[in-house]
> 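Please read through the structure below; I'll follow up with questions.
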Amino acid sequence: MSIPRSSLDTREARAFPKAWGSEFVRAGEVRFRVWAPGAETLMLRLDDVETPMSRDAEGWFELLATGVPVGAAYCFVLPDGRRVPDPASRAQAGDVHGPSLVVDPTSYSWSDADWAGRAWESAVIYELHVGTFTPQGTFAAAAARLQHLADLGITAIEIMPVAHFAGQRGWGYDGVLIYAPHPAYGSPDAMKAFIDAAHGHGLMVFLDVVYNHFGPEGNYLPLLAPDFFDPSRHTPWGAAIAYEREQVRQFFTENALYWLEEFHLDGLRFDAIDQIKDPNSAKEILVEIAQRIREEFPLRQIHLSTEDNRNVVYLHERDERGRVLKFTGEWNDDFHNAAHVVATGETDGYYEDFADQPVRHLGRVLAEGFAYQGEPSKHTHGRPRGVQSGQQQTTAFIDFLQNHDQIGNRAKGERLSVLSGEGMRKVLGAMLLLSPHIPLMFMGEEWGETNPFLFFTDYKGTLADAVREGRRREFAKFAAFRGGGAEQIPDPNDASTFECSRLDWDKVHGSGAGSLEFTRRLLSLRRSAIVPLLTGTGGAGEVLATPEGTIAVDWAFGEETLSLRANFSAQECPLPGAGHVVIFAHPSDAAELLTQGSLPPLSIVVARTSRGEDARS
């Protein structure tokens, strides 16, 4: 789909009406608009000239200015003289406290007019943090590495949040100006160039967006619009957002549409939606956002994913033809948590829910989506967690062995390559990449990166102290740090914490070459043998009875059956046979042994068969 571009009238070119922020109406004329019901008067300061803005009964302030050049600096001036940036700023002149800049959304010349996107079943997602993906930490430097991802077999890049946050370094989940790309990574046009280049390599690009809170520094919405928040409800990060207010809904809905339209993104990942509580609205805001996206971009393949520890399915249902109605996929923590316990034996924190028979949990996840489907959870103090998920499409689940949270929320940011042996990683890696769920990998995982990915920030003063001490208190209850040792946890604000989290690209042709080739082989097999099965509406899974420490799962796809057999135990175990056509086996003799009725320790076989073949056997 070609997106209209007009330097004269961006309002007509836009696919949706916009309430928040600055926008060119025609050449030289810019409309400035902000919801500030907390102020009776408001001034627009534009290139050092202050002009009163008009206010309506709902608290919307507006001003149409003429003779405004692209790049003009502006801010809003409160009655007490305080100057604040535009909450919907598209770019800043400096940090999050300074003036905003007028941006021309049509300034970038796209070359992706022939890009049609990719089908969801083909998705192999690669999560990356722009600041640590390359030594330079920019969009331009990341674009230079896209050929590596395309050659590997990746089909989708998921960028951790880029919304402008305080300081230079951070994960992005504490953004405060959610329309403005963080300038340390490059300008808005630099981000567009990265996405444009990715499309040229056949890669989709998804963006992680955070609609559940704002960061602790640089959020001026409470001064402009106290009613943006609901002080009677709280999240782990402060007062909850009042999603039931129409102006608040517009802010977030427009943001999602903005990224998809102006930046040509192929999808969005919605962070921690269990904290987006909207009990007082006729329609849940997440449902409204998803439906608006489907309405506004009916000809584009746009994929929406969620992170949600509740294990719900109502947001990810398909119609009778298998078409997505709202959200496309759900990050599946149950897969990671079960696999992590299998690989490491760790049972602290939320891993306690998987300490009892983790391999059994892993088998249920593969067959039915979630491990917890209404059972009581130890981690939630006995409350039931989840709903039945076996009726869902297999592609509604996004599985991973590592991601930013599961590495970076460890005290020392260790990757699985440090915590587990190579044999275990190969079996789990094959399981991840050859199951009919959608796989996600974290940057560097393809070559077994051993550099940590730590939690890092760039705060100053008392906020820096609070973050440092809060992190140490958080881990003091873990077994490794009981009785002292928390002071060894890296300081998030120390620049070295950020620097040591960068990928080491020298490993690609050195110590990581073997792992890289293993990953490339698995992704080639996925593309040729697994993806063709995922185009229909089938995929019902069944867990077969097997000895403890082993997994046998069959999925039915019309006339085809996909079978997975794995042995995580320390001895050879009897297992039911698999399909006639072996897709992958590790070690190489595992398939032959399975024909004799057993699998060796740390082994996996993935195979398929058709009903006709089954009848002839």
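Residue numbers start at 1 and run along the sequence shown. Only this structure's heavy atoms are used, side chains among them; waters, hydrogens and symmetry mates stay out.
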> Tyr220 side chain to Pro87 main-chain N or O, any donor-acceptor pair under 3.5 Å?
no

> Do the rings of Phe229 and Phe214 sit parallel, tilted or perpendicular, given the 30° and 60° boundaries?
perpendicular

> Excluding sequence neighbours, so at least two apart, what forms side chain to side chain donor-acceptor pair (under 3.5 Å) with Asp405?
Asn409

> Name all residues meeting the side chain to side chain donor-acceptor pair (under 3.5 Å) criterion together with Arg245; count only those two or more places apart in sequence or in a different chain, and write none if there are none.
none

> So does Lys378 get a backbone contact from the side chain of His381, meaning a donor-acceptor N/O pair under 3.5 Å?
no

> Does some side-chain heavy atom of Tyr108 sit less than 4.5 Å from a side-chain heavy atom of Glu262?
no

> Phe397 versus Gln392: any side-chain heavy-atom pair under 4.5 Å?
yes

> Can you see whether Tyr74 engages Ser22 through a side-chain donor-acceptor pair at a distance of less than 3.5 angstrom?
yes

> Salt-bridged, Arg364 to Glu375, with N to O below 4.0 Å?
yes

> Mind checking whether Arg31 and Lys18 have side chains closer than 4.5 Å, heavy atoms only?
yes

> Looking at Phe270 versus Tyr211, is the centre-to-centre ring distance below 6.0 Å?
yes

> Verify, without hydrogens or angle tests, whether Trp555 (side chain) and Leu366 (backbone) share a donor-acceptor contact under 3.5 angstrom.
yes

> Could you tell me how the ring of Phe400 sits relative to the ring of Trp331: parallel (under 30°), tilted (30 to 60°) or perpendicular (over 60°)?
tilted

> Establish, from distance only, whether the side-chain atoms of Tyr350 and Asn309 form a donor-acceptor pair under 3.5 Å.
no

> Taking the side chain as C-beta and beyond, is there a heavy-atom pair between Leu362 and Phe335 under 4.5 Å?
yes

> If we ignore hydrogens and angles and just use 3.5 Å, is the side chain of Arg410 paired with the main-chain N or O of Phe453 as donor and acceptor?
no

> Are Phe165 and His182 close enough that their ring centers fall under 6.0 Å?
yes

> Can you list the steps and then say if Leu534 with Gln393 is a side chain to side chain contact (heavy atoms under 4.5 Å, CB included)?
CA-CA 9 Å; Leu534 308 180; Gln393 293 275 106; over 6 Å; no

> So does His264 get a backbone contact from the side chain of Lys192, meaning a donor-acceptor N/O pair under 3.5 Å?
no

> Looking just at side-chain N and O atoms, do Ser281 and Glu244 make a donor-acceptor pair shorter than 3.5 Å?
no

> Are Phe32 and Phe61 close enough that their ring centers fall under 6.0 Å?
no

> Does a sphere of radius 6.0 Å around CG in Asp114 hold more than 12 heavy atoms from other residues, nucleotides or ligands, not counting ones at 6.0 Å or beyond?
no

> In terms of side-chain geometry, is the basic nitrogen of Asp334 or Arg385 positioned less than 4.0 Å from the acidic oxygen of its partner?
yes

> Is the Phe194-Phe263 ring centre distance short of 6.0 angstrom?
no

> Using a 3.5 Å distance criterion without hydrogens, assess whether the side chain of Asp227 forms a donor-acceptor pair with backbone atoms of Pro37.
no

> Going by distance alone, is a donor N or O of one side chain under 3.5 Å from an acceptor N or O of the other, for Asp86 and Tyr179?
no

> Do Ser389 side-chain atoms and Glu368 backbone N/O form a donor-acceptor pair below 3.5 Å?
yes

> Any chance the side chains of Glu288 and Tyr243 put a donor and an acceptor closer than 3.5 Å?
no

> Determine whether the aromatic ring centres of residues His148 and Tyr126 are separated by less than 6.0 angstrom.
no

> So among His199, His303, Gln301, Arg300, which one has a side chain to side chain donor-acceptor pair (under 3.5 Å) with Asp266?
His199

> Any luck finding a side-chain donor-acceptor pair between Asp189 and Ser107 under 3.5 Å?
yes

> Between Trp20 and Glu254 (side chain of the first, backbone of the second, donor and acceptor by atom type, cut-off under 3.5 Å), is there such a pair?
no

> Go through the side-chain N and O atoms of Asp353 and His361 and say whether any donor and acceptor fall under 3.5 Å apart.
no

> Do Asn212 and Asp271 meet the criterion of a side-chain donor-acceptor pair at a distance under 3.5 Å?
yes

> Mark yes or no for whether Arg294, through its side chain, and Lys326, through its backbone, hold a donor-acceptor pair below 3.5 Å.
yes

> According to the interplanar angle, ranging from 0 to 90°, do the rings of Trp35 and Phe228 count as parallel (below 30°), tilted (30 to 60°) or perpendicular (above 60°)?
tilted

> Strictly below 4.0 Å, N to O, side chains only: are Glu307 and Arg269 in salt-bridge contact?
yes

> Count the heavy atoms of every other residue, nucleotide or ligand shown that sit under 6.0 Å from CD of Gln388, and state whether that count exceeds 12.
no

> Could you check whether the rings of His340 and Tyr351 sit parallel, tilted or perpendicular, using 30° and 60° as the cut-offs?
parallel

> Less than 4.5 Å apart, any side-chain heavy atom of Phe139 and any of Pro188?
no

> Quick check: does any side chain N or O of His316 sit under 3.5 Å from a backbone N or O of Val324, one acting as donor and the other as acceptor?
no

